[in-house]
Q: 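This is the structure I want to talk about, given as structure tokens.
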Amino acid sequence: MEEQKPAFGWAARDSSGVLSPFNFTRRSNGDEDVTLKVLYCGICHTDLGIIKNEFGNAMYPVVPGHEIVGVVTEVGSNVQRFKIGDKVGVGYVISSCTACDNCKQDFENYCPKFVPTSNGIGSDGKPTYGGFSSLLVANERYVVRLPDNLPLEKIAPLLCAGVTVYTPMKYHGLNEPGKHLGVVGLGGLGHVAVKFGKAHGMKVTVISTSPSKEKEAIEQLGADAFLVSRDPDQMKSAMGTMDGIIDTVAASHPIVPLIYLLKAHGKLIMVGVVLKPMEIPVISLIQGGRSISGSNVGGMKDTQEMLDFAGKHNVTADVEVIGMDYVNTAMERLEKGDVRYRFVIDVANTIGAA
């Protein structure tokens, strides 16, 4: 077997979540694999949860990162879609069984055996290390082509945040011009949801606990309206007006007031990972035939479709580009919600060497 590839990244060693330099190896490039030099990697709220073991499944050392943009440096002999020098992306899914019904329908994200790009166990039985690292090796099925017209650092968050909000819009009919979309939370996911909603020609209302975000929601991101969720009068005045709501908030919050914002047959789609159980009075759903569902990132076909749509409509994330040496401060700021709206690490220029 070929010698494995030496790699360098930043890893958390325990639930303190503190990241520090880490030397490791990647598998050699197989016949169907693509090796990429990592250029940029976004920081997702899920990365924070994983390194602090909030989900109870951290396999230390953890190299986070699943919003990865890079340039192809090696391709396997059977690779069809990519060549050396191509700018590509890798998102949340790095592997799946390829044989189940979900995989056959391009829903690798729902494969019972799907492997996350970070903090999973790969087909070789070894931990998967994410994009806070110098290079990545991936089967070409899980690699996507990037739009040529968008800045790479602003594309990176689309690999997770973008597809996480684009996919439920597609499958729940919330991509039709003239429909009214509510977006709960104006963070990394929420701000991209506003942009995709407007690109689809929808009316978009941002729902937030922070009145201070109204100006940026409307003037910077193009939202049509803004609701302060803690203002009962505002919420009451908007009851029954929305076709669907995408809830991006990853902390416990009241759900019932959101349900009553929906029209008959309206849908509340949860994409923020809330760990505590929620109490929902069934009557709030029965009245009006409303429904609640969840959605988890997207399959590879949908990820590529989302990127192509973003290129056509000039949809990008609003980012704060940082160096790798700032990553622990960035995690602290992310925990406080102090970012507009996504940290992206300039990996190639700042990762250094151990």
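Along the sequence shown, the residues carry numbers beginning at 1. Just the heavy atoms: all of them, side chains too, but no hydrogens, waters or symmetry mates, feed the values below.
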Q: Measure the spacing between CD of Glu335 and CG of Leu48 and express it to the nearest 0.5 Å.
A: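 Answer rounded to 0.5 Å: 5.0 Å.
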
Q: Using side-chain heavy atoms (C-beta onward) and a distance below 4.5 Å, is Pro157 in contact with Val192?
A: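 Contact flag for Pro157/Val192 side chains = no.
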
Q: Check for a donor-acceptor pair, side chain of Arg290 on one end and backbone N or O of Ile259 on the other, with a separation under 3.5 Å.
A: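 Yes, the answer is positive, given that a donor and an acceptor are paired below the 3.5 Å cut-off.
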
Q: Quick one: are Thr350 and Asp325 in side-chain contact, heavy atoms under 4.5 Å?
A: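 Not touching, per the 4.5 Å side-chain cut-off.
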
Q: Quick one: list whatever passes ring-ring contact (aromatic ring centres under 6.0 Å, His included) with Tyr60, sequence neighbours left out.
A: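 So Tyr60 forms no ring-ring contact (aromatic ring centres under 6.0 Å, His included) with any residue.
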
Q: Quick one: does Ser229's side chain have a donor or acceptor within less than 3.5 Å of a partner on Ile207's backbone?
A: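 No, because the side chain of Ser229 does not come within donor-acceptor range (under 3.5 Å) of the backbone of Ile207.
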
Q: Let me check something: do Met306 and Ile246 share a hydrophobic cluster, defined by ILVMFWY side-chain heavy atoms less than 4.5 Å apart, either directly or through other members?
A: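 Yes; tracing contacts between hydrophobic side chains, which count when under 4.5 Å, links both residues.
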
Q: Enumerate the residue pairs fulfilling ring pair (Phe, Tyr, Trp, His ring centres under 6.0 Å) with a member in residues 257-308, sequence neighbours excluded, ordered by first and then second residue.
A: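 Sorted pair list comes back empty.
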
Q: For a 4.5 angstrom cut-off between non-hydrogen side-chain atoms, does Leu221 reach Val204?
A: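 Counting from C-beta outward, Leu221 and Val204 never come under 4.5 Å.
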
Q: More than 12 heavy atoms of other residues, nucleotides or ligands under 6.0 Å from NZ of Lys87: is that the case?
A: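 12 or below, so no.
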
Q: Measure the CD1-CD1 distance between Ile345 and Ile322 for me, rounded to the nearest 0.5 Å.
A: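 Ile345 CD1 to Ile322 CD1: 5.0 Å, rounded to 0.5 Å.
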
Q: Taking the side chain as every heavy atom from C-beta outward, state whether Ile68 and Leu36 have any atom pair closer than 4.5 Å.
A: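 Ile68 vs Leu36: side chains touch.
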
Q: Run the salt bridge (Lys or Arg N to Asp or Glu O under 4.0 Å) test against Arg81 and tell me which residues pass, sequence neighbours left out.
A: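 For Arg81, no residue satisfies salt bridge (Lys or Arg N to Asp or Glu O under 4.0 Å) once neighbours in sequence are set aside.
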
Q: Under the criterion side-chain contact (heavy atoms from CB on, under 4.5 Å), which of Ile94, Val79, Asp31, Asp33 is the partner of Asn139?
A: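 Of Ile94, Val79, Asp31, Asp33, side-chain contact (heavy atoms from CB on, under 4.5 Å) with Asn139 is met by Asp33 alone.
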
Q: Under 3.5 Å, side chain of Lys195 to main-chain N/O of Thr316, donor-acceptor pair present?
A: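 Looks like yes, one N/O pair under 3.5 Å.
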
Q: Between Thr25 and Gln4, does any side-chain donor sit less than 3.5 Å from a side-chain acceptor?
A: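 Yes - a donor-acceptor pair under 3.5 Å links their side chains.
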
Q: Arg342 versus Leu189: any side-chain heavy-atom pair under 4.5 Å?
A: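 Yes - at least one pair of side-chain heavy atoms lies under 4.5 Å apart.
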
Q: By salt bridge (Lys or Arg N to Asp or Glu O under 4.0 Å), which residues pair with Asp14, not counting sequence neighbours?
A: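 None.
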
Q: Have a look at Met300 and tell me which of Val143, Asp106, Val144 forms a side-chain contact (heavy atoms from CB on, under 4.5 Å) with it.
A: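 Checked Val143, Asp106, Val144 against Met300; only one passes side-chain contact (heavy atoms from CB on, under 4.5 Å): Val144.
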
Q: How many angstroms lie between CD1 in Ile245 and CG in Leu174, if you round to the nearest 0.5 Å?
A: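 If I round to the nearest 0.5 Å, the distance is 10.0 Å.
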
Q: Please evaluate residues Arg13 and Ser20 with respect to the criterion side-chain contact (heavy atoms from CB on, under 4.5 Å), reporting the C-alpha separation (whole Å), side-chain torsions for both, the decisive distance (0.1 Å), and the verdict.
A: CA-CA 8 Å; Arg13 267 72 170 196; Ser20 56; 2.6 Å; yes

Q: Do Val249 and Val339 belong to the same hydrophobic cluster, where Ile, Leu, Val, Met, Phe, Trp and Tyr are linked whenever their side-chain heavy atoms lie under 4.5 Å apart, directly or via other members?
A: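 No, no single cluster joins them.
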
Q: Is it the case that one hydrophobic cluster holds both Leu158 and Val71, taking links as side-chain heavy atoms less than 4.5 Å apart, direct or via other members?
A: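 In one cluster: yes.
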
Q: Spell out, as yes or no, whether a donor-acceptor pair under 3.5 Å connects the side chain of Ser95 to the backbone of Gly122.
A: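 No, because the side chain of Ser95 does not come within donor-acceptor range (under 3.5 Å) of the backbone of Gly122.
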
Q: Ser133 and Arg26: side-chain donor and acceptor closer than 3.5 Å?
A: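 Yes - a donor-acceptor pair under 3.5 Å links their side chains.
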
Q: Got a list of side-chain donor-acceptor pairs under 3.5 Å for residues 39-47, not counting sequence neighbours?
A:
residue : atom : partner : partner atom : Å
Asp47   : OD1  : Gly65   : N            : 3.1
Asp47   : OD1  : His66   : ND1          : 3.3
Asp47   : OD2  : Cys44   : N            : 2.9

Q: Quick one: does any side-chain atom of Asn119 pair with a main-chain N or O of Asn57 as donor and acceptor, under 3.5 Å?
A: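 Present.
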
Q: Return the OG1 to CG distance between Thr248 and Leu186, rounded to the nearest 0.5 Å.
A: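 Reported value, rounded in 0.5 Å steps: 8.0 Å.
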
Q: Following the transitive rule for hydrophobic clusters with a side-chain heavy-atom cut-off under 4.5 Å over Ile, Leu, Val, Met, Phe, Trp and Tyr, establish whether Val38 and Phe8 coincide in one cluster.
A: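 Linked, Val38 and Phe8 end up in one cluster.
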
Q: May I ask you to test the Gln220-Arg340 pair for a side-chain heavy-atom distance under 4.5 Å?
A: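 The answer is no, as the side chains (C-beta and beyond) never meet within the 4.5 Å cut-off.
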
Q: When you measure from the side chain of Asn53 to the backbone of Ser15, do you find a donor-acceptor pair of N or O atoms at a distance under 3.5 Å?
A: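 Not confirmed, Asn53 side chain does not pair with Ser15 backbone.
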
Q: So which pairs with a foot in residues 149-191 pass ring pair (Phe, Tyr, Trp, His ring centres under 6.0 Å), sequence neighbours left out?
A: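 Pairs touching residues 149-191 that pass the test: Phe107-Tyr171, Tyr166-Phe196, Tyr166-His200, Tyr166-Phe309, His191-Tyr341.
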
Q: Output all residues satisfying side chain to side chain contact (heavy atoms under 4.5 Å, CB included) with Pro147, sequence neighbours left out; order by chain, then residue number.
A: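 Pro147 satisfies side chain to side chain contact (heavy atoms under 4.5 Å, CB included) with Asn149, Leu150, Ile155, Leu307 only.
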
Q: Do Asp302 and Thr167 have a side chain donor and acceptor closer than 3.5 Å?
A: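 Note: Asp302 and Thr167 side chains miss the donor-acceptor criterion.
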
Q: Using the salt bridge (Lys or Arg N to Asp or Glu O under 4.0 Å) criterion, which residues pair with Lys179? Sequence neighbours excluded.
A: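 Lys179: salt bridge (Lys or Arg N to Asp or Glu O under 4.0 Å) contacts with Glu176.
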
Q: Considering only NZ, NE, NH1 and NH2 on the basic side and carboxylate oxygens on the acidic side, decide whether Lys198 and Asp224 come within less than 4.0 Å.
A: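 Salt bridge present between Lys198 and Asp224.
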
Q: Pairs in or reaching into residues 128-160: which pass ring pair (Phe, Tyr, Trp, His ring centres under 6.0 Å), with residues at least two apart or in two chains?
A: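 Ring pair (Phe, Tyr, Trp, His ring centres under 6.0 Å) check on residues 128-160 returns Phe22-Tyr129, Phe24-Tyr129.
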
Q: Under the criterion side-chain contact (heavy atoms from CB on, under 4.5 Å), I'd like the reasoning laid out for Leu262 against Lys267: C-alpha separation, chi angles, the key distance, then a yes or no.
A: CA-CA 7 Å; Leu262 295 168; Lys267 299 167 182 176; 5.7 Å; no

Q: State which residues pass ring-ring contact (aromatic ring centres under 6.0 Å, His included) with His253; sequence neighbours excluded, sorted by chain then number.
A: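 If we apply the ring-ring contact (aromatic ring centres under 6.0 Å, His included) test to His253, skipping adjacent residues, there are no hits.
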
Q: What do you reckon, is CG of Asp338 surrounded by more than 12 foreign heavy atoms closer than 6.0 Å?
A: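 Yes.
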
Q: Do the side chains of Val163 and Leu146 join up, straight or via other hydrophobic residues, at under 4.5 Å, putting them in one cluster?
A: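 Cluster IDs for Val163 and Leu146 match.
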
Q: Show, in sequence, the C-alpha distance, side-chain angles and deciding distance for Leu285 and Ser291, and conclude whether the side-chain contact (heavy atoms from CB on, under 4.5 Å) test is met.
A: CA-CA 6 Å; Leu285 302 177; Ser291 60; 5.9 Å; no

Q: Without swapping roles, check the side chain of Ser208 against the backbone of Ser210 for a donor-acceptor pair under 3.5 Å.
A: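 Side chain of Ser208 to backbone of Ser210: a pair is present.
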
Q: Is there side-chain contact between Val62 and Ser118, with heavy atoms separated by less than 4.5 Å?
A: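 In short, these two side chains touch, coming nearer than 4.5 Å.
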
Q: Just by distance, do the side chain of Asn109 and the backbone of Gly299 share a donor-acceptor pair under 3.5 Å?
A: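 A pair under 3.5 Å: yes.
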
Q: Measuring from atom OG1 of Thr73 to atom CG of Leu135, what distance do you get when rounded to the nearest 0.5 angstrom?
A: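 The OG1 atom of Thr73 sits 7.0 Å away from the CG atom of Leu135.
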
Q: Got a sec, which residues hit side chain to side chain contact (heavy atoms under 4.5 Å, CB included) with Ser252, two or more places apart in sequence or on another chain?
A: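 Side chain to side chain contact (heavy atoms under 4.5 Å, CB included) list for Ser252, sorted by chain: Val274, Lys276.
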
Q: Going by the rule salt bridge (Lys or Arg N to Asp or Glu O under 4.0 Å), which residues pair with Asp233 if we only count those two or more places apart in sequence or in a different chain?
A: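 Partners of Asp233 by the salt bridge (Lys or Arg N to Asp or Glu O under 4.0 Å) criterion come out as none, since no residue qualifies.
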
Q: Between the side chains of Asp308 and Gln304, does any donor sit under 3.5 Å from an acceptor?
A: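 Gln304 and Asp308 do have a side-chain donor-acceptor pair below 3.5 Å.
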
Q: With side chains defined as the heavy atoms from C-beta onward, is the minimum distance between Leu227 and Leu261 less than 4.5 Å?
A: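 The answer is yes; the side chains approach within 4.5 Å.
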
Q: Please round to the nearest 0.5 Å and tell me the distance separating atom OH of Tyr92 and atom OG1 of Thr117.
A: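 Spacing of OH (Tyr92) from OG1 (Thr117) equals 8.5 Å.
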
Q: Do Lys52 and Met331 pass the side-chain contact (heavy atoms from CB on, under 4.5 Å) test, and can you show the C-alpha distance, the side-chain angles, and the key distance before you say yes or no?
A: CA-CA 10 Å; Lys52 288 182 170 289; Met331 288 293 185; over 6 Å; no

